[in-house]
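Please read the structure below before turning to the comments.
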Amino acid sequence: MVISSLVVDAAPGTEHSITERLFAIEGVEVHSQEENRLVVTIEAETVDASHAIASSFIEIEGVMNINLVYANFEDDPSLRKVQG
């Protein structure tokens, strides 16, 4: 499981609609809002899946910027070494 924390900058007045759109994405939670900044976490199976989810945020109307704050990917099964 990959867990990432991000700050999403929203255009003023779009915070509510962005929050609704983010909650509709599987594995995404919005934890708080301070002014036009939303604190978001993503839980995904792999680093690539987490990146794809985060990258999709930019397509949401009103999202101005996405900043990765933290990522824990030590349990990503796609990064495990093959033993042989």
If you group Ile, Leu, Val, Met, Phe, Trp and Tyr by side-chain heavy-atom gaps below 4.5 Å, do [X] and [Y] land in one group?
X	Y	value
Val63	Phe23	yes
Phe57	Val39	no
Ile66	Ile25	yes
Val40	Val69	no
Leu38	Met64	no

Mind checking what makes side-chain contact (heavy atoms from CB on, under 4.5 Å) contact with [X], not counting sequence neighbours?
X	value
Val47	Val2, Phe73, Asp76, Leu79
Asn36	Glu15
Ala49	Ala44, Thr46
Ala54	Leu6, Ile42

Give me each pair satisfying salt bridge (charged side-chain N to carboxylate O under 4.0 Å, His left out) with a member in residues 51-71, each pair once, sequence neighbours excluded.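 Found none.
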Keeping to residues at least two apart or across chains, list the salt bridge (charged side-chain N to carboxylate O under 4.0 Å, His left out) pairs with something in residues 30-40.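 Non-adjacent pairs meeting salt bridge (charged side-chain N to carboxylate O under 4.0 Å, His left out): Asp9-Arg37.
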For Glu26 against Ile53, the heavy-atom pair lying closest together: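 Heavy atoms only, the tightest pair is O-CD1, 4.1 Å.
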If you look at every heavy atom in Ser5 and Leu68, which pair is closest and at what distance?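 So the minimum-distance heavy-atom pair works out to O-CD1, 3.6 Å.
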Nearest 0.5 Å please: distance from the CD atom of Glu43 over to the CG atom of Asn72.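 The CG atom of Asn72 is 11.0 Å from CD of Glu43, to the nearest 0.5 Å.
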Could you tell me whether a side-chain N or O of Thr14 sits under 3.5 Å from a main-chain N or O of Ala10, the two making a donor and an acceptor?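 No; judged by distance alone, with no hydrogens or angles, the pair does not exist.
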Go through the structure and list residues passing side chain to side chain donor-acceptor pair (under 3.5 Å) with Glu20, not counting sequence neighbours.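 Checked Glu20 against side chain to side chain donor-acceptor pair (under 3.5 Å); matches are His16.
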Under the side chain to side chain donor-acceptor pair (under 3.5 Å) test, residues paired with Thr41 that sit two or more places apart: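 Side chain to side chain donor-acceptor pair (under 3.5 Å) check on Thr41 returns His31.
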Using the test salt bridge (Lys or Arg N to Asp or Glu O under 4.0 Å), find all partners of Asp48 that sit at least two apart in sequence or belong to another chain.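 None.
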Would you mind listing the cluster partners of Met1? Hydrophobic ones only (ILVMFWY), side-chain contacts under 4.5 Å, chaining allowed.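 Traced through the cluster, Met1 reaches Ile3.
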